[in-house]
Amino acid sequence: MNKKKVFVVSHSHWDREWYMGYEHHHMRLVTLMDDLLELFKTEPRFDSFHLDGQTIILDDYLQVRPEREAEVRHYIEEGKLKVGPFYILQDDFLISSEANTRDILIGAQESKKWGNKVNLGYFPDTFGNMGQTAQMMKLSNLDFAAFGRGVKPTGLNNQVFENENYSSQYSEMWWKGPDGSKVLGVLFANWYSNGNEIPVDKVTAKKYWDQKLQDVEKYASTDNLLMMNGVDHQPVQKDVIEALDVASELYPDYEFIHSNFDDYLKAVAQDIPEDLSAIDGELTSQETDGWYTLANTASSRIYLKQKNTQVQRQLENITEPLAAIAYKNTNDYPHDQLKYAWKTLMQNHPHDSICGCSVDEVHREMMTRFEKSREVGEFLANDALNIIADKINTNVFAVGSKPFVVVNTQGYEKSQMVSIEIEWDRAPFSEGTPNDQYELMQSKLAELPELEVVDKHGYGIPFELVKSEVRFDYDLPKEQFRIPYMGLFITIRVPVESLPALSWTTLALQKKTQAVIKNDHKLFDVESNTLENNWLKATVKSDGSLTILDKKTNRIYDDQMIFEDTGDIGNEYIYRQSADKKTIYSTDFQAEVEVLINNEYEAKIKVSQDICIPVSADERLEYEQKSVIDITERIARRAKECRTIRVSTVIGITKMEDQLKFLTTFDNTCLDHRVRVLFPTQLDTNTHNAESIYEVVERSNQVSDSWKNPTNPQHQQAFANVHDNHGGVTVGNLGLNEYEILSQDNTIAVTLLRSVGEMGDWGYFETKEAQCQGMQSFVYSLSFHDKSIASRINSYMQARNNQVPLQTVQTDIHDGEWKLSHAVYKVSAEDFAITCFKQSEDGVADIIRGYNMTNESEDINVNVEKTKLQTVNLLEEPLNDISKEVLKPAEIKTFKIDW
Ligand SMILES: [Zn+2]
């Protein structure tokens, strides 16, 4: 009989920041790496060390010890240090689809710089796993994926029940994606520490191995047993080889090998049994008691998620598309600057960082990184916009007029009220004292002529003059010293209707020459408190909630936009409602309505309510926190004392958009609570949909039999949707990643804020800043659709579009090779959600990537010559794709378009 093989893989799971600030963990990393380099020299039998699947660790070390780069490189080349495949160990669900891809892409590029990467998608600690992992691994040349959560291991002697889709008797399993892709998954059924701190002493070793071997064999599908020699921030076990010698002596029937993932996976793949379980799609611990899914990290420190969404949209959907347009056919695309911005942003994407489940100093540093990344994105976007504007021939506009370009950087047609500030006149400091120039511009302001906005045909477009003012500004020319001046600036709002995907158009502000379109019709009726356009009619009731008629289906949705406040005695990981279950609803308070804007193109009203909520939890909570009482056993209640919080919501409607947009703000002065906004759908259905990573996932509205947690929080990207056979409701958001479908009325409940005072997990860590005190604001939207798939997809695309405003830039009158309006590419496939438009990494083509929002296949085409179009994988390598003109169900498709 062959001996069973015990593959011992030494590693350390390196959370870059978590229960201590970044540098505290960083300094320990320096020691770990120093120890490793020493050990490689002194212990030739030490096979290798797995560097946790993330290449950033190398940068972190060499930042402190740059002189050891050659040694590090040597040991990577020798196969002693196992690096890659990813850049960081992310949270799948809280970063965007593209951010997940960039983690793979940049990780692959970094690995290549050093040597070979490990052929294993590594998700040891990820809080649930995304459904498209299999397809994404396949598209990154990775054949395996290892993960620590999401599936319930049942063990060899237990049956896997038919209705338990997320259980496996083995630690190895096939993992399939919604498109049919399949990888071999390895679950750390005994966690990634099952071979940590192996004893050298014989007596202790015997006890250790008896237990450990039994545990690992319970789940192993083959005679190849994986022991993970390490855990979170674990120093390397220097005497592990000695410990394995002892084990070999004690257990002659086993072969103990100090090894690595590549060898282990090769052995497993050869011996895989035929009855291996297959699991489908996302793994979110559906078959557990529901308490430790860690999905509530989606609502911990929501300010991080909001900021992250903004910066992702800036890089992915604004800066990259603008740069791709501006620098097409040239070598000037800012590849390096963008990579720097992405890397800076991705330092905020590890699971303990973006999940908001670390101590305050960690999250303080994150805010600086977000700002740095955003600034780079903004700088590059402005550069690109100016280049685009310079190339457009604007000679058609009248002398003295002020042309401006509006760009839709999104992959879907877009309508929006656009705000732009136009510099109408200027007086440079080189021609007079600042004070004189200020006076000069003030006199021009006093004589400002009547104005109009025209399109390229000279037709007037209605607009609103918001503001005109004189103020200081400056130019920073590329080849000249700065130019300060006083400018006369005019801010206008213009309706831009149905601007095609990836296109621009040019308008101009000028002295009025013709009559402005007049229309007395207004979108808000003050008498009845009703907002109305062609598709919707929404009435604000005295309790602040809305009754909405969806004119497409003639359905009435009542009690929309209700705020719910509950006590939260949990922590950054888990929401736990206070024992008194005391819940406050906004409908118990009187609402005031104020009109902000009301014309034929748009209306904005502000609905405000003074809502009285308990100031905090009662004193019991502090005791429960300090004595580290488990979440499930806490009984703290809400305090008796209440405080009034004024909750104000600006509700906007436009003539061109089939949706309502909301901006809710309040000054959070209370502790230990959660605020959600509720949209009851009253629809009869057992499932709902939400945008996840490269998929619109369908999830059950019910929980499994084993579920004990009274709540069932879920992750979303841009939207959640509930529909039946006749139509449905889509709620969009900006950086509000947590929602729940409440079984009563199938309500879509979106978490706006969760205020908690401790980190949680393995001890007591106070986190005052996770109480999220001060002014908070939340952006979301509501739209309805009819029974057609096209209508539903349109509501999804609209929610995605809401996250990316149209981009504008002023220009002057000049010659140029480009037309006043133009669509850069046209992609024909209604269900294709474009996530990326950028220049290829090799700088010779454009990249367009997106995913199929449905499980139907569809024709797809890009309007370029067929020979210029190829499909590539996530690493931008050519695919042997014979069906590039077909978008398969749930497919992630990347086009490389030669110029
Ligand atoms: Zn971790």
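Numbering of ligands and ligand atoms starts at 1, following listing order.
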Handout entry: Glu572 backbone acceptor or donor facing Arg754 side chain under 3.5 Å
Key = yes

Does the ring center of [X] lie less than 6.0 Å from the ring center of [Y]?
X      : Y      : value
Tyr61  : Trp14  : no
Phe261 : Phe144 : no
Phe147 : Trp175 : yes

Exercise for the section: State whether Asp125 contributes an N/O/S atom found under 2.8 Å from the Zn ion (ligand 1). Expected result: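 A backbone or side-chain N, O or S atom of Asp125 is under 2.8 Å from the Zn ion (ligand 1).
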
Exercise for the section: Taking both backbone and side-chain atoms into account, decide whether Asp15 has an N/O/S atom under 2.8 Å from the Zn ion (ligand 1). Expected result: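 True for Asp15.
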
Exercise for the section: Please name the atom of His13, restricted to N, O or S, that is closest to the Zn ion (ligand 1). Expected result: NE2

